[in-house]
2 protein chains.
Amino acid sequence: MKANDQQLQVPGLRMTKQRKEVYRALMENADHPTASELYETMQKSNDPMSLATVYNCLEALVEHDAIKQVNVDRNPTRYCQNAAQHGHFHDQNTGTIHDINFKPGTQLTDILDLPEGTEITDFEITIKGRLP
Amino acid sequence: MKANDQQLQVPGLRMTKQRKEVYRALMENADHPTASELYETMQKSNDPMSLATVYNCLEALVEHDAIKQVNVDRNPTRYCQNAAQHGHFHDQNTGTIHDINFKPGTQLTDILDLPEGTEITDFEITIKGRLP
DNA sequence: AATAAACTTAGAATTATTCTAAAAAAGGCT
DNA sequence: AGCCTTTTTTAGAATAATTCTAAGTTTATT
Ligand SMILES: [Mn+2]
Ligand SMILES: [Mn+2]
Ligand SMILES: [Zn+2]
Ligand SMILES: [Zn+2]
């Protein structure tokens, strides 16, 4: 077992060669790549895999909360390294997507008027705008 | 001019027969219909229109801030009556989508750590979960 | 080893949305 | 009203991200 194989463990998910590869490729690409972009990366590696497998791996990783999906409008789904709670900012000047963290101690229910006792299983926040 | 034609005015947008129809159909359907669902509604009316026109009209109305788009994951885009700032709750028990209002006096920047001076042009908040 | 379950794969299929190019409608002007 | 220009509508074709299928491969279990 190599030194940094630890971070490739995902509780409850069998880490196949392909899943490890996809996960690692995403960890090395901070700018929220699409499935196709990750597939292109795979093609350049020593053991390429099919596009269907890239989709399958990403789905498995999302399902096990190891990575996040990012949907901006109807654009192709992008994938995010950051498994922690956060939102996304789509900079209309550059077209890039940035992570936006919550202010410490705050949460969605601070500003949203949800019925008492609502169970939130997931959320997605995307902001479009321009940086100063 | 009929009594309730007033609400069909959208500043800066020529309100054609089709745009009025699409707008009215959406105002009469509170459960966030898709373009196809609105198209089906149109077919049952006295003057049906093409699906492309439904898409065109919805796009024009969105562009002029008369209605909103709602994207939940990769599902077909839904359209929302409510032009005011709000989020959406996707109830996983029923599959329905509800509007979620901001608590009075609060805003996104209360909880999100955006760079000082960021200009927000649009945002989308979707929450998945279960009601009590 | 044998069996079963999970995973990968190529390629086909799906389908929401967009595009194209032509007809129709609307608006402006005289 | 007529003429000209711009916008809108339309049917149908095209696009493309994603999912599906069914067969092979790998992995786990007995
Ligand atoms: Mn993210
Ligand atoms: Mn809405
Ligand atoms: Zn991110
Ligand atoms: Zn709504």
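Values below: every heavy atom of this structure, side chains too, minus hydrogens, waters and symmetry copies.
Separating the CZ atom of B:R74 from the C1' atom of D:dA17 is a distance of 7 Å, rounded to the nearest angstrom. Rounded to an integer number of Å, the gap from CD of A:Q69 to P of D:dT18 is 9 Å. Atom pair A:M15:CE and D:dA28:P shows a separation of 14 Å (rounding to whole Å applied). Summarising the geometry, the separation between CD on A:E40 and P on D:dA17 is reported as 11 Å, rounded to the nearest angstrom. When rounded to the nearest whole Å, the span between CG of B:L51 and P of D:dA13 equals 15 Å. Computed from coordinates, the A:D47 CG to D:dT25 P distance equals 17 Å when rounded to whole Å.
With a 4.5 Å cut-off on side-chain heavy atoms, B:T77 and B:Y55 do not count as touching.
The salt bridge (charged side-chain N to carboxylate O under 4.0 Å, His left out) check on B:D73 picks up B:K128, with sequence neighbours excluded.
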Verdict with reasoning, B:R24 to B:E21, per side chain to side chain contact (heavy atoms under 4.5 Å, CB included): CA-CA 5 Å; B:R24 199 165 46 73; B:E21 282 265 5; 3.4 Å; yes
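If you check the side chains of B:N71 and A:N71, you find no donor sitting under 3.5 Å from an acceptor. Between A:H88 and A:H86, the side chains place a donor N or O and an acceptor N or O closer than 3.5 Å (distance only, hydrogens not considered).
Placement of B:L112 and A:F123 within a single hydrophobic cluster is found when ILVMFWY residues are connected by side-chain heavy-atom separations under 4.5 Å, directly or transitively. Under a hydrophobic clustering in which Ile, Leu, Val, Met, Phe, Trp and Tyr are joined whenever their side-chain heavy atoms come within less than 4.5 Å, directly or via other members, B:V72 and A:I127 fall into different clusters.
Close approach of DNA chain C to chain A, defined as any atom under 4.0 Å from a non-hydrogen atom of the protein, starts and stops at C:dA6 to C:dT17.
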Scan nucleotides 3-10 of chain D nucleotide by nucleotide, 5' to 3', and note B when protein non-hydrogen atoms come under 4.0 Å of the base, S if they reach only the sugar-phosphate, - if neither. ----SSBB
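Residue contacts for B:S36: at a heavy-atom cut-off of 4.0 Å it reaches no nucleic acid atom on any strand shown.
With respect to the salt-bridge test (charged N to carboxylate O, under 4.0 angstrom), the residues A:R78 and A:E37 qualify.
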